[in-house]
Amino acid sequence: MADFSFDLPSDLMEGLLQTDFEEIAQECLKEAAPVLETTMKSKVKASISHSGDSEMVSSIKARKPRKGKNGDFSVFVGPSGYSDHTYNKGKNKQRKYKVSNALKGIWLEYGIQHPTHHQPAKPFITASVHACKDAVMRKMQEAYNRKVDT
């Protein structure tokens, strides 16, 4: 049997032990979310085909980081609110409904397959996440380093 021992640098352990995980997680998400927000807005602008969707672009916002029931931390970045445009629903098309910007985002991301209407998918969420993955990781690492090194 082998015997193995090593010493960790004391400043590394001090920094880790003196920081609060929840504080680090929230700070990392808070700093990284604007990167995704900016990327998502640019990807949506590139994929919209008419001016009625420009409201959706301006409604994309990064929310505050939140702690979930099972202890995980997350931050929502996406469209919210309702569009000024309405659509008619019902047999006689008499009722008018406002369209939520989140629903418009879903239609854009996944497309619409309907017997009378077809809209191809123009995935902007997936493209946004892939495009800014490295920048988000850098921001989170910078925030982590600042919290642990202080």
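When atom types are taken as modelled, the side chain of Lys61 and the backbone of Ser58 share a donor-acceptor pair closer than 3.5 angstrom.
In the hydrophobic clustering of ILVMFWY residues, with side-chain heavy atoms under 4.5 Å counting as a link, Leu36 and Val57 come out together.
Considering all non-hydrogen atoms of both residues, Met56 and Val44 come closest at CE-CG1, 3.6 Å. For the residue pair Val136 and Ala32, the shortest heavy atom distance occurs at CG1-CB, 3.7 Å. Of all heavy-atom pairs between Thr39 and Ser42, the closest is O-OG, 2.8 Å. The minimum heavy-atom distance linking Ser80 with Ser59 is given by the pair O-CB, 3.2 Å.
When the options Asn101, Leu108, Ile106 are evaluated for a side chain to side chain contact (heavy atoms under 4.5 Å, CB included) with Lys104, the one that passes is Asn101.
By the neighbour-count criterion of 12 heavy atoms within 6.0 Å, atom CZ of Phe73 is densely surrounded, having more than that number from other residues, nucleotides or ligands. Counting non-hydrogen atoms of other residues, nucleotides and ligands closer than 6.0 Å to NZ of Lys139 gives a total of 12 or fewer. For Tyr110, the OH atom is loosely surrounded, since the number of other residues' heavy atoms within 6.0 Å does not exceed 12.
Annotation: side-chain contact (heavy atoms from CB on, under 4.5 Å) contacts of Ala135 (sequence neighbours excluded): Val35, Arg138.
To the nearest 0.5 angstrom, Glu31 atom CD is 12.0 Å from Gln141 atom CD. The CG atom of Leu103 sits 14.5 Å away from the NZ atom of Lys98 when rounded to the nearest 0.5 Å. One finds the CD1 atom of Ile125 at 5.5 Å from the CE atom of Met40 (value rounded to the nearest 0.5 Å). Taken to the nearest 0.5 Å, the CZ atom of Phe21 stands 10.0 Å off from the CD atom of Gln26.
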Solution key, residues 126-134 side-chain donor-acceptor pairs under 3.5 Å, sequence neighbours excluded:
residue : atom : partner : partner atom : Å
Thr126  : OG1  : Glu109  : OE2          : 3.0
Ser128  : OG   : Phe124  : O            : 2.5

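Within the 4.5 Å cutoff, no side-chain heavy atoms of Lys64 are placed close to those of Lys30. Residues Ile24 and Tyr144 have side chains in contact (heavy-atom distance under 4.5 Å, counting atoms from C-beta outward).
We find that Arg63 and Glu37 are not joined by a salt bridge, their nearest charged nitrogen and carboxylate oxygen being 4.0 Å or further apart.
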